[in-house]
Colleague: 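Can you keep this structure in mind? I'll have questions shortly.
All residue numbers in this chain count up from 1 along the given sequence.
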Amino acid sequence: MTIIEQGSGTAPDLIKETTTQTFVKDVIEESKRQPVLIDFWAPWCGPCRQLTPIIEKAVRAAKGKVKLVKMNIDEHPAIPGQMGIQSIPAVIAFVNGQPADGFMGAVPESQVTAFIDKLTKGMPGAGEPDIAEILKEAEAVLTEGDAATAAQIYAEVLAADATNIAALAGLAKCYVTTGAIEQAKQTIAMVPESKRNDAAVKAVQASIDLAEQAKAVGPVTELEQKVAANPLDHQARFDLATALNASGKRAEATGQLLEIVKRDRKWNEDGARKQLVQFFEAWGPTDEATVEGRKRLSTVLFS
């Protein structure tokens, strides 16, 4: 599974220190996702101090196409020894788990930039496309029913971009799925007012509203008994639909609301149809229950 590691700076994990123990994870494994530069240095090395700000600036300018990992050879001599590094600074580029290129010495900024450009030539623009793929993966995981893993992926995207609307909505949806409504509300509250009309945000807000309604209506069996005793008790039927939806019984919930629409379209200021529309919003436009529900609603309204 592809995830974003949590960073601690303005550009998460673009630049970090590594050790003998973490080298495989930080360099070998990470280079299978995008190129990684390993900078071998030591505190006593003057040219290293010259190169550090140059290479860090170039890596940040690449905006996620490449990462920089630094290794102090005095503290961790094993890896540079195995790689035959005899003088520093030495920068080796790893791609797909293997050394691909490199340079030695405190080279000028233009040379470092050219080195990175050559290394990343043909790669898609960094950041956005990768995050888009990760968001798709999180959504797929959530659809499969693993809300905990999906929440972890969304949280890691937010560690890289705290304002990512899709990730905020996705994380809130995970909370709704697990019944953690307060956490869902807190997450959605982080969405700027100007983005509240985003389809994903509106869908989660609808899910939160429905979940809160469901808390107040009582158990399904009691409501079913009320409706059976008095089929014209539209409020009981309305509450039953809300409870059925909360139980994941979308087709049944749709059926109960449609029954109200058939019997009394004007009841509660068209409340049954409005609730059904809120269901569709919460479920999403491509959900099978939404598609089928819209067909059934059209049949009732226009027959």
Colleague: Do Ile260 and Phe280 sit in the same hydrophobic cluster, where Ile, Leu, Val, Met, Phe, Trp and Tyr count as joined when their side-chain heavy atoms come under 4.5 Å apart?
Modeller: yes
Colleague: Arg294: which residues meet the salt bridge (charged side-chain N to carboxylate O under 4.0 Å, His left out) condition with it, sequence neighbours left out?
Modeller: none
Colleague: Output yes when Glu30 and Arg33 qualify as a salt bridge under the 4.0 Å nitrogen-oxygen rule, no when they do not.
Modeller: yes
Colleague: Using the rule that two of Ile, Leu, Val, Met, Phe, Trp, Tyr join whenever any of their side-chain heavy atoms come within less than 4.5 Å, decide whether Ile131 and Val201 are in one cluster.
Modeller: yes
Colleague: Considering residues, nucleotides and ligands other than Lys57, do more than 12 of their heavy atoms fall under 6.0 Å from its NZ?
Modeller: no
Colleague: Using atom types as modelled and distance alone, determine if a side-chain donor or acceptor of Arg273 lies under 3.5 Å from a backbone N or O of Lys266.
Modeller: no
Colleague: Could you state whether Val69 and Val59 fall into the same hydrophobic cluster, counting links through intermediate Ile, Leu, Val, Met, Phe, Trp or Tyr residues with side-chain heavy atoms under 4.5 angstrom apart?
Modeller: no
Colleague: Does anything in residues 232-242 form a side-chain hydrogen bond (donor to acceptor under 3.5 Å, both in side chains)? List the pairs, not counting sequence neighbours.
Modeller: Gln235-Asp239, Arg237-Gln256, Thr242-Gln275
Colleague: Under 6.0 Å from the NZ atom of Lys195, do we count more than 12 heavy atoms belonging to anything else shown?
Modeller: no
Colleague: Tell me whether Leu297 shares a hydrophobic cluster with Phe238, the cluster being built from Ile, Leu, Val, Met, Phe, Trp, Tyr side chains joined at under 4.5 Å.
Modeller: yes
Colleague: Between Leu258 and Leu240, is there shared hydrophobic-cluster membership here, with clusters defined by ILVMFWY side-chain heavy atoms closer than 4.5 Å?
Modeller: no
Colleague: Can Glu259 and Arg263 be counted as an ion pair, charged N to O under 4.0 angstrom?
Modeller: yes
Colleague: Do Glu29 and Lys32 sit within salt-bridge range, that is, some charged N less than 4.0 Å from a carboxylate O?
Modeller: yes
Colleague: Taking side-chain hydrogen bond (donor to acceptor under 3.5 Å, both in side chains) as the test, write out the residues that go with Thr20, two or more places apart.
Modeller: His76
Colleague: Distance-only check: which donor-acceptor pairs under 3.5 Å involve side-chain atoms of residues 81-104, not counting sequence neighbours?
Modeller:
none

Colleague: Tell me, yes or no, whether the heavy-atom count around Gln21 atom CD, taken from other residues, nucleotides or ligands under 6.0 Å, exceeds 12.
Modeller: yes
Colleague: Does the side chain of Val36 reach to within under 4.5 Å of the side chain of Asp26, using non-hydrogen atoms?
Modeller: no
Colleague: Mind checking ring pair (Phe, Tyr, Trp, His ring centres under 6.0 Å) for Phe40 and listing every partner two or more places apart, or none if nothing turns up?
Modeller: none
Colleague: Could you name each residue pair satisfying side-chain hydrogen bond (donor to acceptor under 3.5 Å, both in side chains) that touches residues 216-231, not counting sequence neighbours?
Modeller: none
